[in-house]
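Here the structure is laid out as structure tokens; the discussion comes afterwards.
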Amino acid sequence: MVTGGAKRQPKYQRIADELRDAIQSGRYGPGDRLPGENDLMADYSVARMTARQALGVLQSEGIAESRKGAGVFVRSFRPLRRQGIKRLAQSQWGEGRSIWSADTEDRTLVVDKVSVTEEPAPDRVAEVLGVERGEATCVRRRRFVLDGKPVLLATSYLPASLVAGSAITQEDTGPGGTYARLAELGSKPVHFREEIRSRMPSSAEVGELELSAGTPVMLICRTAFADEGRPVEINEMTLDSASYILEYNFDA
């Protein structure tokens, strides 16, 4: 029986719901092609725009992806479970392991488009780092690609006076990464703060992360603090929301 609420539901949403149910039941598996716009138009007696909107819902949810000239397919990429507390533990970077090793298991991670520059601190960065506006900062930009899929863009800001001459100013920071090098400089991170929000991506982010239409991004801004609450790094991250599960485990 169709309820009044179901009757008021847009047609494209009802179609998307049925396709989602078919995917979750296993009728369509990872990598399978979903019915195309013409198929949906014929099966549901709807206009092309309605069929297109239905497929767009699944793409925006990260369930399906469009392949140019081939159609829309069930997404085969397995979401990355980001273990927000475990990955930042000193037992990770302090023993020479990448903080990413807590998330990726045996999956292939590539860091590309790495650049390291010295730039004046933007106002928002200067305020958090407690430095003068325009003071020189070491800026590290990189993109993270997991199993061939871009999943994250990251930009870190550190006081240039703190990291001058260290491996932090090089593309490869060495075992344990930036936090291990900060520890060697006497500025070991002892506390982290992460702020999370969401928005729609810019056109540049769509291209860099190869996002499906309508997919939002998650923004995580992490500040690393050394002893006495001294901020030593700000890391601004842009995540493909369809590629991530954010997991936080902590005691009551």
Side-chain angles (χ1 to χ4, degrees), residues 60-62 77-93 97-105 107 109-116 119 121-130 137-147 149-159 168 173 176-182 188-212 214-226 229-250:
S60 66
E61 293 177 353
F77 180 84
R78 176 162 51 97
L80 175 65
R81 188 173 293 275
R82 183 183 187 273
Q83 302 185 63
I85 294 175
K86 178 182 177 181
R87 68 199 312 270
L88 293 174
Q90 186 177 341
S91 58
Q92 282 291 121
W93 51 266
R97 292 193 296 269
S98 164
I99 62 175
W100 274 79
S101 63
D103 305 336
T104 56
E105 300 171 343
R107 303 171 71 179
L109 175 71
V110 175
V111 183
D112 68 2
K113 299 189 176 182
V114 179
S115 70
V116 185
E119 302 173 19
D123 288 354
R124 69 183 187 283
V125 171
E127 182 177 355
V128 175
L129 288 180
T137 56
C138 174
V139 183
R140 300 182 52 82
R141 295 183 175 88
R142 56 265 191 225
R143 183 177 73 163
F144 294 81
V145 181
L146 186 68
D147 293 343
K149 169 69 176 73
V151 295
L152 178 145
L153 307 173
T155 302
S156 294
Y157 299 87
L158 305 99
I168 292 173
T173 55
T178 295
Y179 297 146
R181 303 292 80 76
L182 283 171
K188 180 178 71 175
V190 297
H191 179 74
F192 296 95
R193 179 183 68 213
E194 289 193 342
E195 300 171 336
I196 303 172
R197 62 189 180 93
S198 180
R199 62 164 168 75
M200 297 307 295
S202 67
S203 57
E205 290 165 343
V206 169
E208 288 286 291
L209 291 172
E210 300 177 9
L211 300 174
S212 298
T215 303
V217 291
M218 291 185 289
L219 307 177
I220 299 180
C221 181
R222 180 171 69 234
T223 305
F225 298 88
R230 178 167 52 93
V232 291
E233 183 222 28
I234 296 174
N235 189 351
E236 296 179 337
M237 294 164 275
T238 304
L239 293 67
D240 170 9
S241 64
S243 295
Y244 274 89
I245 297 171
L246 303 186
E247 178 181 302
Y248 295 89
N249 286 297
F250 46 87

Fill in: Heavy-atom closest contact (Thr173 atom, Arg181 atom, distance)
O-NH1, 2.9 Å

Fill in: Spatial distance of atom CG (Leu146) from atom CG (Asp240) [nearest 0.5 Å]
11.0 Å

Discussion item. Under a 3.5 Å cutoff, is there a donor and acceptor pairing between the side chains of Ser156 and Arg222?
Written reply: no

Item to complete: Mind checking side-chain hydrogen bond (donor to acceptor under 3.5 Å, both in side chains) for Glu210 and listing every partner two or more places apart, or none if nothing turns up?
Response: none

Worksheet entry | Rounded distance [0.5 Å steps], CD1 in Ile220 versus CD in Glu194 | 5.5 Å

Practice prompt. Inspect the contact between Arg140 and Glu233 and indicate whether a charged nitrogen and a carboxylate oxygen are less than 4.0 angstrom apart.
Written response: no

Worksheet item: What do the steps show when you test Arg141 against Glu119 for salt bridge (charged side-chain N to carboxylate O under 4.0 Å, His left out), and what is the final call?
Response: CA-CA 12 Å; Arg141 295 183 175 88; Glu119 302 173 19; 2.7 Å; yes

Response to the item:
Output for pair (Thr223 OG1, Glu236 CD), nearest 0.5 Å, gives 9.0 Å

Worksheet entry | Contacts of Glu61 that satisfy side chain to side chain contact (heavy atoms under 4.5 Å, CB included) - sequence neighbours left out | Arg20, Val57, Leu58, Ile63

Worksheet item: To the nearest 0.5 Å, how far apart are CE in Met218 and OG in Ser243?
Response: 8.5 Å

Response to the item:
Distance col, row Glu205:CD vs Leu219:CG, nearest 0.5 angstrom, shows 7.0 Å

Discussion item. As a test of understanding, state which of Pro201, Ser60, Pro150 forms a side-chain contact (heavy atoms from CB on, under 4.5 Å) with Leu211.
Written reply: Pro201

Worksheet item: Hey, does Met237 have a side-chain heavy atom less than 4.5 Å from the side chain of Phe144?
Response: no

Item to complete: For Glu247, check salt bridge (charged side-chain N to carboxylate O under 4.0 Å, His left out) against everything at least two apart and list the hits.
Response: Arg81

Discussion item. Counting only heavy atoms not in Lys188 (residues, nucleotides, ligands), do more than 12 fall under 6.0 Å from its NZ?
Written reply: no

Worksheet entry | Sidechain-backbone polar pair: Ser241 side chain, Pro216 backbone, donor-acceptor under 3.5 Å | yes

Item to complete: Can you spot which of Val125, Leu158, Leu129 makes a side-chain contact (heavy atoms from CB on, under 4.5 Å) with Pro231?
Response: Leu129

Worksheet item: Taking atom NZ of Lys149 and atom CG of Leu209, what is their separation to the nearest 0.5 Å?
Response: 6.0 Å

